[in-house]
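The structure under discussion appears below in the form of structure tokens.
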Amino acid sequence: MFATPLRQPASRQVQSSPASQFYEITDKGYGKDAVKLMHVSRKGAVHSIQECEVGTHLKLYTNKDFLQGDNIDIVATDSQKNTVYLLAKKYGFESPEKFALILAKHFLNKYSHVEEAHVHIEAYPWKRIREEYGDSYLLHNHAFLFTPTATHFCDVIVKRHDPKQTVISGIKGLRVLKTTQSSFVNFVDDEYRTLADQHDRIFSTVVECNWEYSDIENLNFINAWESVKDIVLKNFAGDPKVGIPSPSVQHTLYLTEKQVLDTLPQVAVISMCLPNKHYFNFDTKPFQQLVPGDNDEVFIPTDKPHGTIYAKLSRKDLKSHL
Ligand SMILES: O=c1[nH]c(=O)c2[nH]c(=O)[nH]c2[nH]1
């Protein structure tokens, strides 16, 4: 019988390799993503909830974790996950942005070898259930309805040697459609074009936008997010009776961004991306015997390919805002 050689503990097997003469790490980081958290706040009989998924990412000053396999500075992603729950218990969860700021600052304050912390939060769309109550309605004390109309997300980045705290809020998954008051005419007419001028078309998109704050002092992040969502919907839909004309996705996008900057002085810059979810008219001309006349009722929803329109609108005096 041969004695089995004893395996060295993994910690002793680490081969230290010097920093490469030829390569350098130009970006790095690590963290935990999609930490699912539910926070219930109870004020007597009235309960409030915030369910979300949290991502925490850290950048360390040194690269010895990557280069040498030296883990001494690594705050384990498992510990980062625990921190999410512990800080939610300790400080509560007022809004995604406030909680992200608490978490990001905690990582910098607690660990002097952390250079930068980035926290990403996506909130779940729970809304308090409303009950009809005579001519009015009552909001339920402790029951909620999952209302997935749009996702509220945020990104907070804090750096040790930069006093600026980056707070970006955003909306995604806000799908809207209107059946008129949208046109697209007078675009380049050359040998590549087949699309006819569209004087009255269906307009549908899935709004994705994010905006960066230059001033978060006393800001109510939830109210600000609702204001941006209302501006997006108003610029898309317009007056409930008559609507609002859109000559292109580009122009509607610009007017929306402009109104956000006009309305919210704390917002320094806003980016929007609007896919153009096409609905093509089904051509019934070859079927006149079956369905005589024009067709303005039956469309072919077309997911792919889709147009993509995006722009970022910044205040010209951005430097003084950021
Ligand atoms: O609003 C639009 N903008 C475009 O750039 C475009 N291109 C296209 O084919 N349809 C549309 N619609």
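One is the number of the first residue; the rest follow in order along the sequence.
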*More than 12 non-hydrogen atoms from neighbouring residues, nucleotides or ligands closer than 6.0 Å to CZ on Phe187, yes or no?*
yes
*Do you know which two heavy atoms are closest between Ala224 and Leu264, and how far apart they sit?*
O-CD1, 4.1 Å
_Run the side-chain contact (heavy atoms from CB on, under 4.5 Å) test on Ile25 and Leu67 for me, step by step, so that the C-alpha distance in whole Å, both residues' side-chain angles and the decisive distance to 0.1 Å come before the verdict._
CA-CA 9 Å; Ile25 293 178; Leu67 293 178; 4.1 Å; yes
*For the side chain of Trp225 and the backbone of Gly170, is there at least one donor-acceptor N/O pair under 3.5 Å apart?*
yes
*asked:* According to a hydrophobic-cluster definition based on side-chain heavy atoms being under 4.5 Å apart (Ile, Leu, Val, Met, Phe, Trp, Tyr only), do Tyr30 and Val54 belong together?
replied: yes
*Side chain His113, main chain Asp73, donor-acceptor under 3.5 Å*: yes
*Have His39 and Glu94 got a donor and an acceptor in their side chains that come within less than 3.5 Å?*
no
*Please round to the nearest 0.5 Å and tell me the distance separating atom OG1 of Thr263 and atom NZ of Lys234.*
9.5 Å
_Phe236 vs Thr256 side-chain heavy atoms within contact, under 4.5 Å_ = no
*So Asp155 and Thr166, side-chain contact (heavy atoms from CB on, under 4.5 Å) or not? Walk me through it.*
CA-CA 8 Å; Asp155 283 279; Thr166 302; over 6 Å; no
_Surrounding CD1 of Ile300 (heavy atoms of other residues, nucleotides or ligands, distance under 6.0 Å), is the total greater than 12?_
yes
_Whether Lys241 and Asp239 form a salt bridge (side-chain N of Lys/Arg under 4.0 Å from carboxylate O of Asp/Glu) is what I want to check._
no
*Locate the shortest heavy-atom distance separating Thr284 from Asp294; write the atom from each residue and the value.*
OG1-C, 4.4 Å
*Taking atom CD1 of Ile309 and atom CE of Met272, what is their separation to the nearest 0.5 Å?*
11.5 Å
*Any chance you could lay out the side-chain contact (heavy atoms from CB on, under 4.5 Å) test for Lys277 and Leu177, step after step, and finish with the verdict?*
CA-CA 9 Å; Lys277 297 281 188 184; Leu177 181 150; over 6 Å; no
_Pairwise distance CD(Gln80) to CD1(Ile74) - rounded to 0.5 angstrom_ = 10.0 Å
*asked:* Please find the pair of heavy atoms, one from Asp200 and one from Gln181, that lie closest to each other, and give the distance.
replied: OD1-N, 3.6 Å
*Give a yes or no answer on whether the side chain of Glu97 reaches the backbone of Cys154 with a donor-acceptor pair at less than 3.5 Å.*
no
*Before giving the answer on side-chain contact (heavy atoms from CB on, under 4.5 Å), spell out for Lys172 and Asn210 the whole-Å C-alpha distance, their side-chain angles and the decisive distance to 0.1 Å.*
CA-CA 9 Å; Lys172 65 179 182 183; Asn210 65 70; over 6 Å; no
*Pairwise distance CG(Asp296) to CG(Asn281) - rounded to 0.5 angstrom*: 6.5 Å
_N/O donor-acceptor pair under 3.5 Å between Asn141 side chain and His47 backbone_ = no
*Pick out which of Leu145, Val46, Thr147 makes a side chain to side chain contact (heavy atoms under 4.5 Å, CB included) with Arg128.*
Val46
*asked:* Run the side chain to side chain contact (heavy atoms under 4.5 Å, CB included) test against Gln165 and tell me which residues pass, sequence neighbours left out.
replied: Leu101, Lys105, Val158, Ile216
*Examine distances only and state if a side-chain atom of Asp215 and a backbone atom of Pro265 form a donor-acceptor pair shorter than 3.5 Å.*
no
*Indicate, with yes or no, if Ile222 and Trp211 share a hydrophobic cluster defined by side-chain heavy-atom contacts under 4.5 Å among Ile, Leu, Val, Met, Phe, Trp and Tyr.*
no
*Quick one: sort the His278 and Phe280 rings into parallel, tilted or perpendicular, breaks at 30° and 60°.*
parallel
*So, does Ser204 use its side chain to make a donor-acceptor pair with the main chain of Val176 at under 3.5 Å?*
yes
*asked:* Looking at Lys258 and Asp262, is there a salt bridge between them, counting it only when a charged N and a carboxylate O are closer than 4.0 Å?
replied: yes
*Is Ser182 close to Gln198 at the side-chain level, that is, under 4.5 Å between some pair of heavy atoms?*
no
*Kindly work out whether a path of hydrophobic side-chain contacts (I/L/V/M/F/W/Y, heavy atoms less than 4.5 Å apart) joins Tyr254 to Ile270.*
yes
*Mind checking the CD1-CG spacing from Ile171 to Leu233? Nearest 0.5 Å is all I need.*
8.0 Å
*Taking all non-hydrogen atoms of both residues into account, name the closest pair between Ile121 and Cys52 and its distance.*
CG2-CB, 3.8 Å
*Got more than 12 heavy atoms from elsewhere within 6.0 Å of OH, Tyr91?*
no
_For Lys28 versus Lys59, what's the shortest heavy-atom pair and its separation?_
O-NZ, 2.7 Å
*Treat each ILVMFWY residue as a node, draw an edge where side-chain heavy atoms are under 4.5 Å apart, and state whether Val167 and Val260 are in one component.*
yes
*For the residue pair Leu58 and Tyr111, establish whether any side-chain heavy-atom pair is separated by less than 4.5 Å.*
no
*If you take all heavy atoms of Thr151 and Ala123, which pair is closest and at what distance?*
CG2-O, 3.8 Å
*Transitively linked via ILVMFWY side-chain contacts under 4.5 Å: Leu60 with Val75?*
yes
*Indicate yes or no: at least one non-hydrogen side-chain atom of Thr56 is less than 4.5 angstrom from one of Val35.*
no
_Within the 4.5 Å heavy-atom criterion, are Asn186 and Asp197 side-chain neighbours or not?_
yes
*Identify whether the distance between the nearest side-chain nitrogen and carboxylate oxygen of Asp78 and Lys81 falls below 4.0 Å.*
yes
*Within a strict 4.5 Å, meaning less than it, do heavy atoms of the Asp33 and His57 side chains meet?*
yes
*Would you please indicate yes or no on a ring centroid separation below 6.0 angstrom for Tyr213 and Phe221?*
yes
*Ser246 side chain to Ser248 main-chain N or O, any donor-acceptor pair under 3.5 Å?*
yes
*asked:* Using a 3.5 Å distance criterion without hydrogens, assess whether the side chain of Thr205 forms a donor-acceptor pair with backbone atoms of Asn276.
replied: no
*asked:* Could you tell me if the side chain of Glu24 sits less than 4.5 Å from the side chain of Asn63, heavy atoms only?
replied: no
*Go through Lys164 and Asp162 one step at a time and tell me if the salt bridge (charged side-chain N to carboxylate O under 4.0 Å, His left out) criterion holds.*
CA-CA 5 Å; Lys164 181 187 156 217; Asp162 187 348; 5.9 Å; no
*Determine yes or no for a side-chain-to-main-chain donor-acceptor pair under 3.5 angstrom, with Ser136 supplying the side chain and Glu132 the backbone.*
no
*Parallel, tilted or perpendicular: which describes the rings of His140 and His142, with under 30° parallel and over 60° perpendicular?*
perpendicular
_Other ILVMFWY residues reachable from Val40 by side-chain steps of under 4.5 Å_ = Met38, Ile49, Tyr124, Trp126, Phe144, Phe146
*When rounded to the nearest 0.5 angstrom, what distance separates CD in Glu53 from NZ in Lys32?*
13.5 Å
*For atom CG of Asp190, decide whether the heavy atoms of other residues, nucleotides or ligands shown that lie under 6.0 angstrom number more than 12.*
yes
*In terms of ring plane angle, is the pair His120 and Phe153 parallel, tilted or perpendicular, where the classes change at 30° and 60°?*
tilted
*Given side chains that start at C-beta, do those of Val84 and Phe99 come closer than 4.5 Å, heavy atoms only?*
yes
*asked:* Using the rule given for side chain to side chain donor-acceptor pair (under 3.5 Å), can you reason through Ser112 versus Arg160, listing the C-alpha separation, both sets of side-chain angles and the distance that settles it, and then say yes or no?
replied: CA-CA 9 Å; Ser112 60; Arg160 184 168 304 280; 6.0 Å; no
*Would a distance-only check, ignoring hydrogens and angles, find a side-chain to backbone donor-acceptor pair under 3.5 Å from Arg193 to Leu195?*
yes
